Amino acid sequence: MLSSVRCIRRTVRLVQSPVCSPSRSFMDLKVLVSSLNDFASLSLAESWDNVGLLVEPSPPHTVHTLFLTNDLTEQVMEEALQKKVDLILSYHPPIFRPLTRITWKTWKERLVIRALENRVGVYSPHTAYDASPQGVNSWLAKGLGVCTSRPIHPSKAPTYPTAGTHRVEFSVNGTEDLDKVISAVKEIADVSVTSFSTRTDGEEQTRISLNCSQEALMQVVAFLSQSRQFYQKTEILSLEKPLLLHAGMGRLCTLDESVSLATMIERIKRHLKLRHVRLALGVGRTLESPVKVVALCAGSGSKVLQGTEADLYLTGEMSHHDVLDAASQGITVVLCEHSNTERGFLSDLRDTLRAHLENKHHKITRRVQYHGSLAQEKIKIQNWKYGF
């Protein structure tokens with residue numbers, strides 16, 4: 001469940017840029033969304049997520065004020081409308097499951113209605129910002145101390161290293177057959193052909209390599225199956241998108257110098273501005289046990305952290321049984337509640353977005369506004385003890 005405690009928002013006002021008129025300061029919505037997508041590609045988002053521009057007022061739509069929030073609730077929407085914002089960047093997508101109707105019945109439907117009635121766009125990056133090298137998890141790692149980090153589950157590049165999703169290789173004997181085969185496969189759409197000489201059992205052969213799409217693969221296989229001599233020497237490889245070194249879900253952080261668990265907890269609390277966290281000591285661990293490797297995941301970290309070797313897991317929430325599993329392996333778990341591990345990122349996001357858009361020749365004033373807050377939950381430090 002998402003925590004709704006202490007919502008802090010950031011307001012960014014857009015000023016003179018190449019798309020602005022001399023008398024008015026604005027940025028075209030499509031230009032701004034393109035810049036946001038350049039900042040953190042939506043291709044980094046998880047397949048189950050709903051990211052990007054979720055609500056778009058009828059064009060043309062100009063943006064004077066960009067409003068940043070962790071969760072777009074009705075209270076946040078009211079505040080945004082009072083500030084006369086033009087685009088809300090909500091880290092969590094307010095529209096996640098499909099809406100079958102837009103009525104006044106549920107709060108998420110009302111958000112859409114109010115956004116459209118007041119010509120306010122809504123954009124959500126969510127897991128694209130989780131995976132980004134300059135995103136939420138990288139910000140969370142800053143509170144640990146000097147360390148090196150890498151993604152626990154690296155993202156894949158958005159495109160394949162070569163054309164096509166599959167590679168088909170087979171051997172051909174004789175020049176006459178070679179010409180016929182190459183001529184035939186070149187007639188299939190989405191197929192690229194290369195060839196090279198090989199020697200098998202002392203016999204000169206030509207190896208044909210085809211890069212093809214998923215759709216073209218079936219046609220290539222159908223063609224090869226017509227000739228036993230080709231088909232019996234065929235290899236089909238599934239091409240993988242290359243992994244990205246610095247982007248991906250979670251972070252595995254190795255401290256330059258190990259510290260006690262008690263010191264690490266204080267660092268985490270200070271970074272997240274929390275008075276209390278929840279603590280589950282790993283079996284055989286104490287507050288004086290050294291911490292060298294921390295695996296972290298902002299928000300809900302059960303699936304991301306599971307099976308990762310570390311001294312400590314840091315996340316917002318985990319299932320009870322996943323905590324038990326980690327503790328049984330001697331891994332200490334620190335839980336800070338879901339949104340507490342994400343909300344502070346808004347300050348960094350404001351600054352990095354400003355720099356990013358300035359590099360795109362858009363200037364942004366540095367203005368931070370702190371507004372009313374909801375009740376803060378009090379979460380006591382406690383050691384979870386397990387047994388009979």
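The first residue of the sequence shown is numbered 1, and numbering continues consecutively from there. Since the structure is predicted, the reported quantities are computational estimates derived from the model, not experimental observations.
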Side-chain donor-acceptor pairs under 3.5 Å in residues 236-245, sequence neighbours left out?
{"residue": "Glu240", "atom": "OE1", "partner": "Lys156", "partner atom": "NZ", "Å": "2.9"}
{"residue": "Lys241", "atom": "NZ", "partner": "Pro158", "partner atom": "O", "Å": "3.3"}

Expected list for residues 41-49: side-chain donor-acceptor pairs under 3.5 angstrom, two or more places apart:
{"residue": "Ser41", "atom": "OG", "partner": "Ser43", "partner atom": "N", "Å": "3.1"}
{"residue": "Ser41", "atom": "OG", "partner": "Ser43", "partner atom": "OG", "Å": "2.7"}
{"residue": "Asp49", "atom": "OD1", "partner": "His126", "partner atom": "ND1", "Å": "3.1"}
{"residue": "Asp49", "atom": "OD2", "partner": "His126", "partner atom": "ND1", "Å": "3.0"}
{"residue": "Asp49", "atom": "OD2", "partner": "Thr127", "partner atom": "N", "Å": "3.1"}
{"residue": "Asp49", "atom": "OD2", "partner": "Thr127", "partner atom": "OG1", "Å": "2.6"}

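Under a hydrophobic-cluster definition in which Ile, Leu, Val, Met, Phe, Trp and Tyr are linked whenever side-chain heavy atoms come within less than 4.5 Å, directly or via other members, Val112 and Trp107 are assigned to the same cluster. Residues Leu210 and Tyr160 fall into different hydrophobic clusters, defined by Ile, Leu, Val, Met, Phe, Trp and Tyr side chains chained together at heavy-atom separations under 4.5 Å. By the criterion of side-chain heavy atoms lying less than 4.5 angstrom apart, applied directly or through intervening Ile, Leu, Val, Met, Phe, Trp or Tyr residues, Trp104 is grouped together with Leu72 in one hydrophobic cluster. Under the 4.5 Å side-chain heavy-atom criterion for Ile, Leu, Val, Met, Phe, Trp and Tyr, Val51 and Phe96 are members of distinct hydrophobic clusters. Two different hydrophobic clusters hold Val323 and Val283 under the rule that ILVMFWY side chains link at heavy-atom gaps under 4.5 Å.
Scanning all heavy atoms of the two residues, the minimum distance from Gly330 to Arg285 falls at O-NE, 2.9 Å. The two atoms that bring Thr341 and Val136 nearest to each other are O-CG1, 4.0 Å, heavy atoms only. Across Cys336 and Leu272, no two heavy atoms sit closer than the pair SG-CD1, 3.7 Å. When all heavy atoms are compared, the tightest approach of Tyr123 to Leu53 is CD1-N, 3.7 Å. Minimum heavy-atom separation, Leu29 to Glu56: CD2-CG, 4.0 Å. Between Leu89 and Leu353, the shortest heavy-atom contact is CD1-CD1, 4.3 Å.
Atom CG of Leu81 is separated from atom CD1 of Ile88 by 6.5 Å, given to the nearest 0.5 angstrom. The distance from the CZ atom of Arg101 to the OG1 atom of Thr106 is 10.0 Å, given to the nearest 0.5 Å. Here the straight-line distance linking atom NZ of Lys303 with atom CE of Met318 works out to 13.0 Å at 0.5 Å rounding. Here the OG atom belonging to Ser258 is positioned 9.5 Å from the CE atom belonging to Met264, to the nearest 0.5 angstrom. Between the CD atom of Gln134 and the OG1 atom of Thr352 there is a distance of 5.5 Å, given to the nearest 0.5 Å. The CG atom of Leu335 lies 9.5 Å from the OG atom of Ser300; values are rounded to the nearest 0.5 Å.
A side-chain N or O of Thr73 and one of Gln75 form a donor-acceptor pair less than 3.5 Å apart. Side-chain contact check for Ser171 and Arg207: at least one donor-acceptor pair (N or O, by modelled atom type) lies under 3.5 Å. Between the side chains of His92 and Asp71, at least one donor N or O lies within less than 3.5 Å of an accepting N or O. In the model, Glu109 has a side-chain atom that pairs as donor or acceptor with a side-chain atom of Thr103 under 3.5 Å. In this structure, a donor-acceptor pair under 3.5 Å is present between the side chains of Asn211 and Arg167.
Listed for the Ser124 side chain is a donor-acceptor partner under 3.5 Å among the backbone atoms of Tyr91. Between the side chain of Tyr313 and the main chain of Thr308, a donor-acceptor pair closer than 3.5 Å is present. Looking at Asn137, its side chain does come within 3.5 Å of a backbone N or O of Asp130 through a donor-acceptor pair. The backbone N or O of Ser90 lies less than 3.5 Å from no partner atom in the side chain of Thr69, so there is not a single donor-acceptor pair. Asp28 places a side-chain N or O within donor-acceptor distance of the main-chain N or O of Lys30, the cut-off being under 3.5 Å. Remark: the backbone N or O of Thr65 is paired with a side-chain donor or acceptor of Asp86 at under 3.5 angstrom. Judged by distance alone, with hydrogens and angles left aside, the side-chain atoms of Arg267 form no donor-acceptor pair with the main-chain N or O of Gly143 at under 3.5 Å. Of the possible polar contacts, one joining the Thr315 side chain to the Gly299 backbone as a donor-acceptor pair under 3.5 Å is found. The backbone N or O of Leu255 lies less than 3.5 Å from a partner atom in the side chain of Lys292, making a donor-acceptor pair. Between the side chain of Thr165 and the main chain of Gln214, a donor-acceptor pair closer than 3.5 Å is present.
For the pair Glu74 and Arg114, the salt-bridge criterion is not met [side-chain N within less than 4.0 Å of a carboxylate O].
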Which is it for Ile188 and Val220 under the side chain to side chain contact (heavy atoms under 4.5 Å, CB included) test, yes or no, and what are the steps along the way?
CA-CA 8 Å; Ile188 302 175; Val220 170; 4.0 Å; yes
Apply side chain to side chain contact (heavy atoms under 4.5 Å, CB included) to the pair Thr206 and Thr198, showing each step before the final yes or no.
CA-CA 6 Å; Thr206 300; Thr198 63; over 6 Å; no
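Within the 4.5 Å cutoff, side-chain heavy atoms of Thr332 are placed close to those of Leu261. Taking 4.5 Å as the limit, every side-chain heavy atom of Leu279 sits out of range of all side-chain heavy atoms of Val333. In this structure the side chain of Cys212 reaches within 4.5 angstrom of the side chain of His166, judged on heavy atoms. With a 4.5 Å cut-off on side-chain heavy atoms, Ile208 and Leu178 count as touching.
Glu309 CD: 12 or fewer foreign heavy atoms inside a 6.0 Å radius. Around CZ of Arg119, the count of heavy atoms belonging to other residues, nucleotides or ligands within 6.0 Å exceeds 12.
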